[in-house]
Number of protein chains: 2
Amino acid sequence: MRALYLEGGQIHLRTDYPTPEPPPGEALVRVLKAGICNTDLELLRGYLDFRGVPGHEFVGRVVRCDDDPAWVGRRVVGEINAACGTCETCRAGRPTHCPNRTTLGIAGRDGAFADYLTLPTVNLHAVPDEVSDDEAVFVEPLAAALEITDQAHIRPTDRVIVVGDGKLGLLCAQVLALTGCDLLVIGRHREKLDLLARRGIPVALEGEGPFGQADVVVEATGHPGGFQTARKLVRPRGRLVLKSTYHGLLETNMTMVVVDEVTLQGSRCGPFAPALRLLRQRLVEVAPLIQARYPLTEGRVAFERAATKGTLKVLIEVEGTETEEERG
Amino acid sequence: MRALYLEGGQIHLRTDYPTPEPPPGEALVRVLKAGICNTDLELLRGYLDFRGVPGHEFVGRVVRCDDDPAWVGRRVVGEINAACGTCETCRAGRPTHCPNRTTLGIAGRDGAFADYLTLPTVNLHAVPDEVSDDEAVFVEPLAAALEITDQAHIRPTDRVIVVGDGKLGLLCAQVLALTGCDLLVIGRHREKLDLLARRGIPVALEGEGPFGQADVVVEATGHPGGFQTARKLVRPRGRLVLKSTYHGLLETNMTMVVVDEVTLQGSRCGPFAPALRLLRQRLVEVAPLIQARYPLTEGRVAFERAATKGTLKVLIEVEGTETEEERG
């Protein structure tokens, strides 16, 4: 099959990559579309020393599922952490933190920028008809945004600031707006912020402050520089939610975090079912985030485009671009 | 001025009622529209032994405000609890629980079914232009629905059941749906439930069970009979949110609440600012809940209509129905 292969900080198309064989408990999924995430760009920069097929935001169709053939033919999205299911962490109900886990296209498991992928059947979620392929690609990052409201209580009376107007920041902002909270989104790109302003969400450019302080601040810039900006916006005894994952280290004044009794809350993968519900009920809008589409064969160009400053979501469209020869 | 006066289980129109004189710190508000709430019907049945002018859901226009004349001419809604501001409860940040409070149209203070009312200026919220008079009348009950998500953490991964498809139940359901939670609304009126089903919210008639159990159940039936139904739907260690206020007592098995370690959470008035934000952003729809409108002069008929089984919101329209003579 065809696959985009990442090694040594480069990505290239392979047309002879072995089609994966689903082990027991896993399904074989034909990828329809996949999205390039900031994490994919960080993998290229060396994050997690990943080598293999990246891609973890996808919609696909199950083509084989020996354990439960009822899945075959269904359109699906998939949770990206494949847990062992038997360790203490899994049994305590925290499978996304299983120490033995592999993560689709990120750690120990090939991902979605390919004709096929495999995932445990328990990770799959059927996509309702009302949710399009384009929208379904956003279920994974939207679930990550919902991890914020799943982890901790955001009150409708809280003042909340999201720092960052990238792909994830825009999704976090939309999810937080649904709480009714007093929300402000601070970014660097007027045209991205306008996507939120159009929905009645208050926005500001970074230089337009001062913004005062907030009960909860979400750092979603995707780079270490966002931390300081976000930290200063948290009120004493407030909460700073950390969504950015990047290659590299952060140097910061942790003493002031102690003095101000601020809670720092790491926040990663979230629940898929509520993301599908919000999309189905049209409570979150994702289509305007799509800025470009490339066939799998132009994966390298797609990555270059995604890495261009200010670009929102770039989709890689897989199905329908495969030739007989490529299928091998 | 004109006012609907409640005493001895009867409501009647008085045209010679004294126009209230706002004490220091209060504003005089010309009522534009007001909504009849289930609590008003309970007052008629003897709840709180109230005598005076009922009505606590309203939109009006400030006509006098000696402390802060900037309010004059502004369209407003108002929080209904007038707190003393100086007691220990007020200073602890819980003014809606001030033991010295009066409550608009409910306890110790005349309400909105009249040409004018007074409220402390601190209780007022300006209504943004994007929110219509009709919608603004729902700010108070919508705030009560938001009290649920303000009081405690509802996770997007929670299973939540709302019992009751009355006015408040429909608002609670819409607010809860915004969390992305796995929601089910159980009611007795197909046509009311359809208002939610149209928005993609799962609904069921009471007889259609079994429904399984939920992490959080909201009892919003408005009568004591709803408690048992709701109680049975809460999983062990789950939470039952009590929204109904009614005249009369409840007899129940509290031992099973202990055995199942269920949390019972009383929930009353909520925050106005988030309610206005949700209405302005069109995240909650209230217009379809309006079923009838009456001028103030037909207040008794309006109450009869509101008390008819299955009726949703009945509005009393005040401004524009006053004659020169009536104004006196």
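Reminder, nothing fancy here: chain letters follow the sequence lines and each chain counts from 1.
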Worksheet entry | Charged N-O contact under 4.0 Å between A/R190 and A/E208 | yes
Worksheet item: Between A/R280, A/R277, A/Q281, A/Q151, which residue shows the highest count of heavy-atom pairs closer than 4.5 Å to chain B?
Response: A/R277
Worksheet item: Is it the side chain or the backbone of B/L278 that comes within 4.5 Å of chain A heavy atoms, both, or neither?
Response: side chain
Fill in: Heavy-atom pair with the smallest gap, counting every atom of B/V286 and B/L171
CG1-CD2, 3.7 Å
Discussion item. So which residue, B/D182, B/I154, B/L283, B/L146, ends up with the most heavy-atom pairs under 4.5 Å with chain A?
Written reply: B/D182
Item to complete: With a 4.5 angstrom heavy-atom cut-off, could you sort out which part of B/T179 is near chain A: side chain, backbone, both or neither?
Response: backbone
Worksheet item: What's the verdict on side-chain hydrogen bond (donor to acceptor under 3.5 Å, both in side chains) for B/T157 and A/D150, showing C-alpha distance, side-chain angles and the deciding distance?
Response: CA-CA 7 Å; B/T157 45; A/D150 203 41; 2.5 Å; yes
Practice prompt. Using the salt bridge (charged side-chain N to carboxylate O under 4.0 Å, His left out) rule, pick out the option among A/R239, A/R237, A/R235 that qualifies with A/D215.
Written response: A/R235
Response to the item:
Smallest heavy-atom separation, B/V203 atom then B/A197 atom, equals CG2-CB, 4.0 Å
Fill in: Distance (rounded to the nearest 0.5 Å) between B/F211 CZ and B/I186 CD1
4.0 Å
Worksheet item: What option among B/T149, B/V175, B/D158 has the most heavy-atom pairs under 4.5 Å with chain A?
Response: B/T149
Practice prompt. Let me see the working for B/L276 and B/H125 under side-chain contact (heavy atoms from CB on, under 4.5 Å), right down to the final yes or no.
Written response: CA-CA 9 Å; B/L276 284 163; B/H125 293 257; 3.8 Å; yes
Worksheet item: Which of the residues A/P156, A/P274, A/G270 is involved in the greatest number of heavy-atom pairs with chain B at under 4.5 angstrom?
Response: A/P156
Worksheet item: Roughly how far, to the nearest 0.5 Å, is the NZ atom of A/K33 from the CD atom of A/E135?
Response: 10.5 Å
Discussion item. Under 4.5 Å from any heavy atom of chain B, what part of A/E147 do you find: side chain, backbone, both or neither?
Written reply: neither
Worksheet item: B/R155 versus chain A, heavy atoms under 4.5 Å apart: side chain, backbone, both or neither?
Response: both
Practice prompt. Could you look at B/E130 and say if it's the side chain, the backbone, both or neither that has a heavy atom under 4.5 Å from chain A?
Written response: neither
Worksheet entry | Structural part of B/A275 lying under 4.5 Å from a heavy atom of chain A | neither
Practice prompt. With a 4.5 Å cut-off on heavy-atom pairs, point out which of B/C181, B/P271, B/A177, B/A273 contacts chain A the most.
Written response: B/C181
